[in-house]
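Read through the structure below, which is laid out as C-alpha cells, and then see the notes.
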Amino acid sequence: MATINFKQTPPAHLFAPFFNILAFLAPLYFLIRFAIRVGQTANGVSASAWLISFSYGILLAIVLLITANYFCEVTVDEAGISVTFLWRNLHIDWRDIVEIKAKGFLGHPRSWVVLTKKLTPFHRLYGIVYGFSWLPSFIISPSLRDGEKLAGMIEERVKGRLSK
C-alpha cells in the first residue's frame, strides 16, 4: 500500500494551528491579567481564588486543544496510521486500532471516532466525549478530504483483522 495523506480543507487546515497556539496563550493571558488585577487590590486575594483562576486556565487550555485537534490530518501506510497532534505525527499500528464508529445526525454520518489502544492520555478525552469509551481515540472530521474513503479503509482493516 502506498502512503496516502488525508488533509483538511483550507479553512480547517488554518483553524487547527491557530487554536493550538491559542490553547497555550489564552490561559497565560488570563492568569497574567488576573495577577495584575490582584496586584491592584489593597486586600489581596485568597488562595481559593487563585486555585479557581488556575483551574479555569487549565480547563480553557483543554477545551481549546480538544477543539484544535478535532481537525487532525491523517496519513495511512502499510504499517498503520499517523495522526497529527500539536504539530507532531503520532503513529498507530493497524493492530492497535480497536473500532471505528460513525457519528452523525439523522442517520447521515458526518464524522467517525476511531478507538485505539495507543495514543496520548489526552486522546482519551475524545474517546470519552465522542466514542463513549475510555480508549484513546481520534476523530475523522467532516472537513477531512476523502474522510469517507479513510473511514472505509480503516473499517476494512479492522474487520479483516477481526475475521482472522
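FYI, the numbering just counts along the sequence from 1. All heavy atoms count here, side chains included; hydrogens, waters and symmetry mates do not.
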Discussion item. So if I apply the side chain to side chain contact (heavy atoms under 4.5 Å, CB included) rule between Lys103 and each of Val113, Ile139, Ile140, which one comes out positive?
Written reply: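 Exactly one option meets the side chain to side chain contact (heavy atoms under 4.5 Å, CB included) with Lys103, and it is Val113.
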Worksheet item: Taking Asn20 as the fixed residue, which of Leu64, Asn69, Thr67 is the one that meets the side chain to side chain contact (heavy atoms under 4.5 Å, CB included) rule?
Response: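 Considering Leu64, Asn69, Thr67, a side chain to side chain contact (heavy atoms under 4.5 Å, CB included) with Asn20 is found only for Asn69.
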Discussion item. Taking side-chain hydrogen bond (donor to acceptor under 3.5 Å, both in side chains) as the criterion, tell me which of Asn89, Thr3, Asn5 meets it with Thr75.
Written reply: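 Looking at Asn89, Thr3, Asn5, the match for Thr75 under the side-chain hydrogen bond (donor to acceptor under 3.5 Å, both in side chains) is Asn5.
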Item to complete: For a side-chain hydrogen bond (donor to acceptor under 3.5 Å, both in side chains) with Ser143, tell me which candidate from Gln8, Lys7, His13 qualifies.
Response: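 The passing option is Gln8.
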In terms of heavy-atom contacts, does [atom1] of [X] have more than 12 from other residues, nucleotides or ligands at under 6.0 Å?
| X | atom1 | result |
| --- | --- | --- |
| Arg145 | CZ | yes |
| Phe54 | CZ | no |
| Trp87 | CH2 | yes |

Item to complete: Answer yes if the ring centres of Phe19 and Phe71 are under 6.0 angstrom apart, and no otherwise.
Response: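 Centroid distance Phe19-Phe71: not below 6.0 Å, so no.
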Worksheet item: Are the ring centres of Tyr130 and Tyr70 closer than 6.0 Å?
Response: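 Yes, they do, as the ring centres are separated by less than 6.0 Å.
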Give the minimum heavy-atom separation between [X] and [Y], together with the two atoms involved.
| X | Y | result |
| --- | --- | --- |
| Ala61 | Ala23 | CB-O, 3.4 Å |
| Ser48 | Ser46 | OG-OG, 3.0 Å |
| Gly127 | Ser137 | CA-OG, 3.2 Å |
| Ser111 | Ser141 | CB-CA, 4.3 Å |

Practice prompt. Check the angle between the aromatic planes of Phe34 and Trp50 and answer parallel, tilted or perpendicular using the 30° and 60° thresholds.
Written response: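 Plane angle over 60°, so perpendicular.
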Is there a donor-acceptor pair under 3.5 Å between the side chain of [X] and the backbone N or O of [Y]?
| X | Y | answer |
| --- | --- | --- |
| Ser55 | Leu51 | yes |
| Ser82 | Gly80 | no |
| Tyr126 | Ile66 | yes |
| Asp77 | Ala79 | yes |

With a 4.5 Å cut-off on side-chain heavy atoms, are [Y] and [X] touching?
| X | Y | answer |
| --- | --- | --- |
| Phe18 | Leu22 | yes |
| His123 | Leu90 | yes |
| Phe24 | Leu86 | yes |
| Ser53 | Leu31 | yes |
| Ile62 | Ile58 | yes |
| Ile4 | Met153 | yes |
| Trp94 | Val76 | yes |
| Leu65 | Phe85 | no |

Do [X] and [Y] land in one hydrophobic cluster if side-chain heavy atoms of ILVMFWY residues count as linked below 4.5 Å?
| X | Y | result |
| --- | --- | --- |
| Leu25 | Val63 | no |
| Ile52 | Leu60 | no |
| Ile100 | Ile128 | no |
| Phe122 | Ile97 | yes |

What's the separation between atom [atom1] in [X] and atom [atom2] in [Y], rounded to the nearest 0.5 Å?
| X | Y | atom1 | atom2 | value |
| --- | --- | --- | --- | --- |
| His91 | Lys118 | NE2 | NZ | 6.0 Å |
| Ile92 | Leu119 | CD1 | CG | 4.0 Å |
| Lys101 | Glu155 | NZ | CD | 13.0 Å |
| Leu150 | Leu144 | CG | CG | 6.0 Å |
| Phe138 | Thr120 | CZ | OG1 | 12.5 Å |

Worksheet item: Would you call Arg157 and Glu78 a salt bridge, using N to O less than 4.0 angstrom?
Response: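 Salt bridge: yes.
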